[in-house]
Amino acid sequence: MLATPGRPPAGQGWAVEFKWDGVRALLGVDSAGGVHLTSRNGNDVTLGYPDLVAGVATDRPLVLDGEIVALDEAGRPDFGLLQNRMHVRHPPAALQAEVPVQFYAFDVLRVGERSLLRETYDDRRAALDDLGVAGWPRFAVPPSTTEVAPPQMLDVAREHGLEGIVVKRRTSRYEPGRRAASWIKIALFTTREVVLGGWTPGEGSRGAIGSLLLGAYDGEGRLHYLGNVGTGFTQAALRALRELLEPLRADDDPFASGVPREHARGVRWVEPRLVGEVEYRTLTHDARLRHSVWRGLRPDRDPHEVVLDGAFARAPLASYGVPAAAPEAPRIVTPDELAALDALRRKGVWEVAGREIALTNLDKVIFPGRDGAPPVTKRDLVRYHARVAPHLLPYLQGRPVNMQRFPDGVTKQGFWQKEIPVHAPDWVTRWRYPDADPGDVQDYVVVDSTATLVWLANLAAIELHPWTSKLPDVHSPTWALIDIDPGPTTSFDDVLAVARLYRAALDHLGVAAAPKVTGKRGVQIWVPVTPGPTFADTRGWVEKVSKAVGRMVPELISWEWHTDRRGGRMRLDYTQNVINKTLVAPFSARPAAGAPVSMTLTWDELDDPDLRPDRWTVATALDRLETVGDPMLPLLGRAQTLPNL
DNA sequence: GGGGTAC
DNA sequence: GTACCCCAACGCCTA
DNA sequence: TAGGCG
Ligand SMILES: [Mn+2]
Ligand SMILES: [Mn+2]
């Protein structure tokens with residue numbers, strides 16, 4: 001009797017068991033006391049499991065249905081281990097000792113002369129309990145519950161790294177050989193992105209590729225092996241993958257924690273540039289994907305966005321001896337949390353996003369009011385950072401951040417800060433810049449959580465400038481930045497006219513990009529770039545495009561270095577494309593009255609007569625993001641090679 | 001903004 | 001307790 | 001190499 005794949009059924013009358021990762025078998029004891037094991041397709045596999053045969057502690061004839069499993073050190077069935085036994089017809093004693101197996105009995109079809117086939121599931125389970133099978137050496141009767149609903153059991157299975165559940169109708173009969181609707185199996189499948197780090201050639205008629213070696217990055221930017229995938233490909237996909245992988249050939253294994261020898265045989269290593277998506281059922285004890293199936297390439301993903309998360313950050317990776325830290329998913333701050341912020345006095349501790357953050361001078365005016373609106377206090381800035389985090393964090397995560405701080409308000413001098421403050425909470429992610437000169441800043445803040453954004457708001461870190469490159473490859477820009485800097489006499493209409501010229505140029509080149517207003521007077525255009533080119537490459541490219549744009553409106557543009565020789569005209573600033581030089585992040589506040597923010601735009605909005613460079617503020621940006629969304633977000637991490645000019 | 005020191 | 005001091009960037013351009 | 005620039 002086989003289970004039908006499906007979804008957890010609703011309603012009463014079901015029992016739930018776990019789905020075990022082993023091989024199905026019927027165990028029969030005949031009237032002479034002889035034991036026989038029969039596989040799913042009717043083969044006699046008795047000789048392969050003398051240890052199970054020896055464990056049978058009854059003379060009564062009976063037939064049990066169950067699963068042969070091999071347990072890992074955590075006591076969890078591990079199909080990978082069982083494979084060492086499955087194909088061995090006469091296992092030597094040493095192998096039996098090294099890979100012990102168990103029989104998980106979950107049904108009984110016959111006891112003595114009495115057939116139980118027509119009995120209900122509940123009655124058969126009762127008979128199974130009466131047999132005392134659980135007391136036999138190497139035998140177990142895994143749980144069947146009628147108390148816990150299938151969805152909850154599925155959660156339990158997920159937490160324990162099990163394959164899924166089987167739900168059985170309590171009144172159902174046993175139907176030999178049939179795939180019945182009264183048994184429903186629900187397999188856990190998880191989708192995740194993976195970085196391709198190598199491949200093996202296919203054997204025989206398989207052709208281009210046999211399997212792919214998969215990985216993901218830890219919080220330190222190291223790539224870890226996550227296993228192989230060798231199924232789920234169309235033939236066309238295999239050919240296409242080979243063409244993409246061939247030019248990425250590398251001499252060295254890209255995985256920081258290595259690859260098991262048996263998976264490294266005949267592997268062609270590649271630069272870890274391609275991202276794909278796989279489905280898998282569970283993780284193995286050493287944090288590798290089990291039952292993974294290829295689902296396709298994700299050219300829209302940056303490899304460094306593919307990080308070890310949740311399940312991987314727990315125990316398994318420890319076996320590689322690697323600390324696992326990953327950017328947290330941005331948390332939406334709850335209304336209760338926001339109310340707690342409003343309830344604080346001048347200072348206090350705000351419990352938000354899983355942290356306790358000390359806040360000071362909450363009613364201090366940081367920004368004067370604008371257009372008759374009240375001034376903006378530090379409490380307002382803190383609230384804004386907390387609420388905008390889901391939109392802002394994607395642009396900050398995985399990058400060092402340079403800050404411009406205004407603790408005495410934006411009417412006073414601010415200062416740049418790159419170094420992580422000495423008394424930063426220990427949960428703030430920091431990064432040591434290995435190429436920093438002695439005497440320069442060594443340790444930078446990496447903003448990877450809502451809590452960090454709140455903490456920075458308390459420091460009056462108003463302008464957040466993420467690096468243009470991502471960790472760990474800080475010499476490879478992920479954006480090419482176009483920066484339209486107005487001069488004293490430049491009108492915003494002139495800025496928009498130039499931005500539209502860039503729009504036409506990029507459109508002509510077939511380059512994807514998105515504009516944003518800076519919140520002060522300018523406009524920037526951010527062009528996503530697949531890591532690979534150097535800053536010199538992106539700077540040169542932006543310079544060429546900018547010089548071409550400048551030739552169309554020479555009366556508006558100056559290329560003079562000294563501001564006093566520019567005649568008030570604007571500068572097309574391509575020089576910002578260099579390591580450790582930055583532009584203000586989307587949605588970062590700017591030091592000006594009313595707390596304006598930098599806001600991403602659709603290209604069409606460059607034609608909107610109501611557009612102003614400082615139109616949105618910390619008070620209005622979230623409405624805008626809720627109604628219009630973030631037009632730049634689809635470009636984040638998008639793969640793009642800049643065309644030759 | 002926050003830590004340290006002098007008063 | 002409080003007054004006061006100090007500190008909080010950097011890469012590249014041009015002359 | 002100082003000072004300008006962003
Ligand atoms: Mn600018
Ligand atoms: Mn600039």
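Letters A, B, ... are given to chains in the order of the sequence lines, protein chains preceding strands, and every chain is numbered from 1. All values reported here derive from a predicted model rather than from experimental measurement.
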Measure the distance from CZ on Arg566(A) to P on dG4(D) and round it to the nearest whole Å. 14 Å

With the side chain of Val441(A) defined as its heavy atoms from C-beta on, choose the nearest nucleotide among dC10(C), dG6(D), dA8(C). dC10(C)

If you compare every side-chain N and O of Thr563(A) against the phosphate oxygens of dC5(D) (OP1, OP2), does one of them come in below 4.0 Å? yes

Heavy atoms, side chains only, cut-off 4.5 Å: are Asp485(A) and Met570(A) in contact? no

Tell me which pairs pass ring pair (Phe, Tyr, Trp, His ring centres under 6.0 Å) where either residue lies in residues 342-371 of chain A, with sequence neighbours left out. none

If I take atom CG in residue Leu381(A) and atom C1' in nucleotide dG1(B), what distance separates them, rounded to the nearest angstrom? 13 Å

Selected nucleotide, minimal atom distance to Tyr444(A) side chain, candidates dA8(C), dC10(C), dC13(C): dC10(C)

Could you list the protein-to-nucleotides 2-4 of chain B atom pairs, N/O on both sides, closer than 3.5 Å?
residue	atom	partner	partner atom	Å
dG2(B)	OP1	Asn458(A)	ND2	3.3
dG2(B)	OP2	Thr360(A)	OG1	3.0

So Tyr433(A) and His475(A), would you call those rings parallel, tilted or perpendicular, with 30° and 60° as cut-offs? tilted

In whole Å, what is the span from the CZ atom of Phe415(A) to the C1' atom of dG1(B)? 7 Å

Taking any heavy-atom pair under 4.0 Å as a contact, classify Lys364(A): base, sugar-phosphate, or nothing. sugar-phosphate

Given dG6(D), dC5(D), dC10(C), identify the nucleotide with an atom nearest to the side chain of His562(A). dC5(D)

Using heavy atoms to find the nearest nucleotide of DNA chain C for Lys418(A) and Arg565(A) separately, return the residue whose nucleotide is more 5′. Lys418(A)

Pairwise C1' distance, dC10(C) and dG1(B) [rounded to whole Å]: 22 Å

note: Leu583(A), atom CG; dC10(C), atom C1'; distance rounded to Å ~ 15 Å

Rounded to whole Å, how long is the line connecting atom CG of Asp564(A) with atom P of dG3(D)? 16 Å

Considering only side-chain heavy atoms of Pro407(A), which listed nucleotide, dG6(D), dA8(C), dG1(B), is closest? dG1(B)

With rounding to the closest Å, how many angstrom separate the C1' atoms on dA9(C) and dG4(D)? 15 Å

Taken to the nearest whole Å, NZ/Lys412(A) to C1'/dA8(C) is 18 Å

In whole angstroms, the gap separating P of dG4(D) from NZ of Lys581(A) amounts to 15 Å

Counting N and O atoms only, with roles assigned by atom type, does the side chain of Gln640(A) sit under 3.5 Å from a partner on the main chain of Ala512(A), one being a donor and the other an acceptor? yes

By nearest nucleotide on DNA chain C, pick out whichever of Trp561(A) and Asn580(A) is the more 5' one. Asn580(A)

Residue pair Val428(A) / Trp455(A), side-chain heavy-atom distance below 4.5 Å: yes

Could you tell me if the side chain of Thr620(A) sits less than 4.5 Å from the side chain of Arg615(A), heavy atoms only? no

Short side-chain N/O contact to dG6(D) OP1/OP2 from Arg521(A), under 4.0 Å: no

How far apart are the C-alpha atoms of Phe535(A) and Thr468(A), what are their side-chain angles, what is the distance that settles it, and do they pass the side-chain contact (heavy atoms from CB on, under 4.5 Å) test? CA-CA 9 Å; Phe535(A) 277 105; Thr468(A) 308; 3.8 Å; yes

Carboxylate-amine/guanidinium contact Arg539(A) Glu543(A), below 4.0 Å: no

Gln576(A) atom CD is separated from dC13(C) atom P, nearest whole Å, by 12 Å

